[in-house]
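See structure below.
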Number of protein chains: 2
Amino acid sequence: MSGKKQNIPRYRQVYEILRKHITSGVYREGDMLPSENDLCQTNGITRPTVRLALDQLVKDGFIKKQQGKGSIVCAQPKGIGILSVAGTTTAIGKENLKTKILEGPVIRKWDDPFVFPLSEVEKESGCIYMERVRLVNNKPLFYDITFLPNINLPRFTSRTFENRSLFDILRKSYQVKVTGGEQRLKAIPAKGKICQHLDVKEGEPVLHLERKINTNRIDYSFYSTLFCNTTEHDLFGIF
Amino acid sequence: MSGKKQNIPRYRQVYEILRKHITSGVYREGDMLPSENDLCQTNGITRPTVRLALDQLVKDGFIKKQQGKGSIVCAQPKGIGILSVAGTTTAIGKENLKTKILEGPVIRKWDDPFVFPLSEVEKESGCIYMERVRLVNNKPLFYDITFLPNINLPRFTSRTFENRSLFDILRKSYQVKVTGGEQRLKAIPAKGKICQHLDVKEGEPVLHLERKINTNRIDYSFYSTLFCNTTEHDLFGIF
DNA sequence: GAGTGGTCTAGACCACGCA
DNA sequence: GCGTGGTCTAGACCACTCT
């Protein structure tokens, strides 16, 4: 019917349903989810498919499983879920997060050398550059510098990013979905722009993350340099 | 025959084989792994089982998959893989890592309040306490404070931990396997013991991790407070 | 013993990349 | 067109937990 063939897999649909039920409070911390066999019947699918959905929920920290008992809903983390796969906006929740654009998006050359190795295609295409500050309760928490290869993202630089999730824009407008990535992190003393944008004193410790973010497009990754003021909020992750 | 029923699942065995082949250089960065169908035949198992093994390799960052092409061996990270599931010793490699015991293991009471919420059983049992420093190339990298619930770990306090992996000892001597966990991290200024053990100046930024580590034993988790000097090595993780 | 999750088989069809 | 990985079915047996 419509122009696109969406075809969301069944296990993903079930994942989204259960996730929504957990985050919206239908199931609360400590509750048991329906058994795998129940979920088969109510969703009209077989156990391997149900298990794919549950595996994802485990991976994302929403439930834990116990053989012989069932699937138990976990407490939702109160920290900042930046280390997991979701973008910052989804991790913190739209309500409390504001985004201020400092610069861009503009097209320019890549830094040379760049933190991560770049392919020839990436180098030739140039890069879309953005600087943003993310605020929680109106206090700056992240200073985020984003680098996207300038490949097949029409009209990207004329879009509005103020208070919007980059991940959402990529997914909804360009069908680019984040599938994972890698990151390096260290503690550094704040200086220069970092002090200014994060509102911290010179020399104060801040978290420094370098991330490579992979997508469903083959050979399309983008990059993010992130400075985080962790005096009030910890970063949170599961493994 | 023997006293224990080990019964390592087939997908785990295949995972270990492939992992060893990758880390030992049989497959190198950029190489294609055999196709899933090939792996079915050579290992005498079916595709869902092969896929479980490959999924784990993807999760641990050894391979990436591309529909229509195959499974590609990734570059092995050069950073410190502390954010993934393996213990520190396996993450860095035994060759370069030394462990110095500063204190313990001794049995004592839990800090009150403790960083993570504790169950009644955990509180009553008391805690096994250890302080260790991990050195890479003879330079201190981690200052690690470990808290284990004192539940069913006979003779634990009289074991030798010098230059040995805690995860290995737990697995081999007590059949306690690490299945995952959660962590909070922040950048803090070094002071007191941290300066001393990590050999950094007062006020120098260090990484501070608080980890809860879950195991295959129901209701058995242990805890680790970790300070890391990231001036020379980054921490590395995939997501 | 009944119910749960853990593992596994033996097939099937589809979407994607490449020659 | 062919081989690849992605998804899914319809069963099976086992180990574990609870009663």
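All figures in this text were calculated on a predicted structure; none of them were measured in a lab. By convention in this document, chain letters (A, B, ...) are assigned in the order of the sequence lines, proteins followed by strands, and residues within each chain are numbered from 1.
- One interatomic measurement links the two molecules: CG of L57(A) to C1' of dG5(C), which rounds to 15 Å at whole-angstrom precision.
- Considering only side-chain atoms of E36(A), the nucleotide from dG5(C), dG5(D), dT9(D) that sits closest is dG5(C).
- A distance-only check finds a donor-acceptor pair linking the side chain of N216(B) to the backbone of K177(B) [under 3.5 Å].
- Remark: C1' of dA15(D) and CD of Q67(A) are 5 Å apart, rounded to the nearest angstrom.
- Sorted by first and then second residue, the side-chain hydrogen bond (donor to acceptor under 3.5 Å, both in side chains) pairs involving residues 64-73 of chain A (not counting sequence neighbours) are E36(A)-K65(A).
- Each of F147(B), F222(B), F114(B) was evaluated against Y129(B); a single residue qualifies, F147(B), per the ring-ring contact (aromatic ring centres under 6.0 Å, His included) test.
- Look at CZ on R47(A): it is 7 Å from C1' on dG6(C), rounded to the nearest Å.
- Remark on DNA chain D: of its neighbouring residues Q66(A) and L52(A), the 5'-side contact belongs to L52(A), judged by nearest-heavy-atom nucleotide.
- In the set dC18(C), dG5(D), dC8(C), the nucleotide with an atom closest to the side chain of S35(B) is dG5(D).
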>> Let's go through F156(A) and L170(A) carefully: what are the C-alpha distance in whole Å and the side-chain angles of both, what is the deciding distance for side chain to side chain contact (heavy atoms under 4.5 Å, CB included) to 0.1 Å, and is it a yes or a no?
In response: CA-CA 9 Å; F156(A) 189 83; L170(A) 285 171; 4.0 Å; yes

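- Closest to the side chain of P9(B), out of dT7(C), dC18(C), dT9(C), is dT7(C).
- At a threshold of 4.0 angstrom between heavy atoms, the contacts of R51(B) include nucleobase atoms, whether or not backbone atoms are also involved.
- If you check every strand for non-hydrogen atoms under 4.0 Å, I45(A) touches sugar and phosphate atoms only.
- Among dC8(C), dG5(C), dT4(D), the nucleotide with an atom closest to any side-chain atom of K65(A) is dG5(C).
- Both R12(B) and G68(A) lie near DNA chain C, and the one whose nearest nucleotide falls closer to the 5' end is G68(A).
- Checking the phosphate oxygens (OP1, OP2) of dC8(C), no side-chain nitrogen or oxygen of Y11(B) falls inside 4.0 Å.
- Each of P48(A) and L54(A) has a nearest nucleotide on DNA chain C; the 5'-most of these lies closest to L54(A).
- R10(B) comes within 4.0 angstrom of sugar-phosphate atoms only, judged by non-hydrogen atoms across all strands, and of no base.
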